[in-house]
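Before any comments, here is the structure.
The figures that follow rest on heavy atoms only: side chains count, while hydrogens, waters and symmetry mates do not. Treat the numbers as computed from the prediction; the structure is a model and nothing was measured.
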Amino acid sequence: GRVAPFSTSGAPTVGCRLPLAHDLISSGRFDIVVIVEAALDAGTARQAERFVRKQGDGVVAASAPTSHTVTKAVARSAAADSASGGAAVHAGILMLLSESLAEGYTERPFHACSGRLLHVHTRPKDNTGDLHIVALYGVASPSGDGVTIQADLARTLERLLSSLHGERVIVVGDINAVWHAMDRSRGQLHSYDTSEHALWRALQAAHYTDVHRLRHSSARHFSYHHSN
């Protein structure tokens with residue numbers, strides 16, 4: 001969360017991640033930065049995109065905003081699920097692109113599933129051909145309405161990847177499901193890992209490669225651990 005540079009009162013947002021993400025691009029260290037779970041509605045998305053444009057360095061922001069209605073529905077389902085503990089839900093995706101990628105925009109970004117899928121189609125300056133960047137944010141511990149949203153997200157991803165067959169595609173994000181038990185700190189898969197709508201299934205069916213696992217075949221790197 002915290003990608004809105006200003007609060008509703010106009011004061012700078014404490015802990016806003018957007019300036020740091022922008023600096024990673026403008027400094028030349030990265031060409032793509034993707035922020036999922038960005039707590040991004042339509043208003044926040046416009047504010048973030050406007051902030052990036054005002055920097056005047058060619059960096060471009062693309063967004064997939066969520067809606068308050070869907071966010072509340074998923075939050076209610078999560079609160080009713082003892083496994084999730086009623087954790088807050090903050091969907092929405094923000095993607096920043098360097099000038100070398102952004103200048104090749106060929107069409108408006110496509111977003112779907114209330115801020116859980118973002119597709120950007122660009123043509124880099126190096127003339128290596130079209131590049132598609134797909135960012136995902138899977139539903140965490142889906143239950144209730146979350147199951148419906150996850151199923152819709154999986155179907156949308158399947159259709160998109162099928163339409164991009166033969167193209168250069170990078171898929172990034174947080175899919176909130178794993179294929180192998182070694183990717184869980186406790187070494188045990190959850191029910192949603194093996195669900196028919198787990199996003200790794202769509203990626204596997206389309207013959208995508210897990211680059212991290214390819215480079216680190218036996219490493220166990222975790223970004224989140226339970227405290228107990």
With a 4.5 Å heavy-atom cut-off, do [X] and [Y] have their side chains touching?
X      : Y      : value
Asp210 : Leu203 : no
Leu160 : Leu117 : yes
Ile93  : Ile35  : no
His190 : Ser141 : no
Leu101 : Leu131 : yes
Val171 : Tyr208 : yes
Glu99  : Asp57  : no

So how far is it from [X] [atom1] to [Y] [atom2], rounded to the nearest 0.5 Å?
X      : Y      : atom1 : atom2 : value
Asp152 : Leu157 : CG    : CG    : 11.0 Å
Trp179 : Gln204 : CH2   : CD    : 4.0 Å
Ile149 : Arg116 : CD1   : CZ    : 6.0 Å
Leu20  : Leu24  : CG    : CG    : 5.0 Å
Asp31  : Ser100 : CG    : OG    : 4.5 Å
Ile175 : Gln150 : CD1   : CD    : 9.0 Å

Does the side chain of [X] come under 3.5 Å of the side chain of [Y] through a donor N or O and an acceptor N or O?
X      : Y      : result
Thr13  : Ser7   : no
Glu49  : Ser63  : yes
Thr148 : Asp145 : no

Report task. Report yes if the distance between the aromatic ring centroids of His119 and His132 is under 6.0 Å, otherwise no. Result -> yes

Report task. With side-chain contact (heavy atoms from CB on, under 4.5 Å) as the test, would you mind laying out the steps for Leu96 and Ile32 before giving the verdict? Result -> CA-CA 6 Å; Leu96 304 185; Ile32 307 169; over 6 Å; no

For the side chain of [X] and the backbone of [Y], is there at least one donor-acceptor N/O pair under 3.5 Å apart?
X      : Y      : result
Gln188 : Ala181 : no
Thr209 : Val211 : no
Arg53  : Ala48  : no

Transitively linked via ILVMFWY side-chain contacts under 4.5 Å: [X] with [Y]?
X      : Y      : value
Val139 : Val178 : no
Leu153 : Phe110 : yes
Leu199 : Tyr192 : no
Val36  : Met95  : yes
Tyr137 : Val34  : yes

What pair of heavy atoms forms the shortest contact from [X] to [Y], and how long is it?
X      : Y      : result
Ala198 : Ala177 : CB-CB, 4.1 Å
Arg168 : Gly129 : NH2-O, 2.9 Å
Val52  : Val59  : CG1-O, 3.3 Å
Met182 : Ser217 : CE-O, 3.9 Å
Gly92  : Leu40  : CA-CB, 4.0 Å
Ser114 : Ala91  : O-CB, 3.9 Å

**Report entry** Worked verdict on Leu18 versus Leu94 for side-chain contact (heavy atoms from CB on, under 4.5 Å)
**Finding:** CA-CA 9 Å; Leu18 184 56; Leu94 185 69; 3.7 Å; yes

Query raised in the report: Salt bridge check: are Arg213 and Asp183 linked by an N-O gap of less than 4.0 Å?
Result: yes

Query - Carboxylate-amine/guanidinium proximity below 4.0 Å for Arg184 and Asp193 - result: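 The answer is yes: the pair qualifies as a salt bridge.
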
Query raised in the report: Parallel, tilted or perpendicular for His22 and Phe51, by the 30°/60° rule?
Result: perpendicular

Query raised in the report: How about Arg46: does its CZ atom have over 12 heavy atoms from other parts shown lying under 6.0 Å from it?
Result: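 Open: at most 12 neighbouring heavy atoms sit under 6.0 Å from CZ of Arg46.
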
**Report entry** Residue pair Val172, Leu136: steps toward the side-chain contact (heavy atoms from CB on, under 4.5 Å) verdict
**Finding:** CA-CA 6 Å; Val172 299; Leu136 302 170; over 6 Å; no

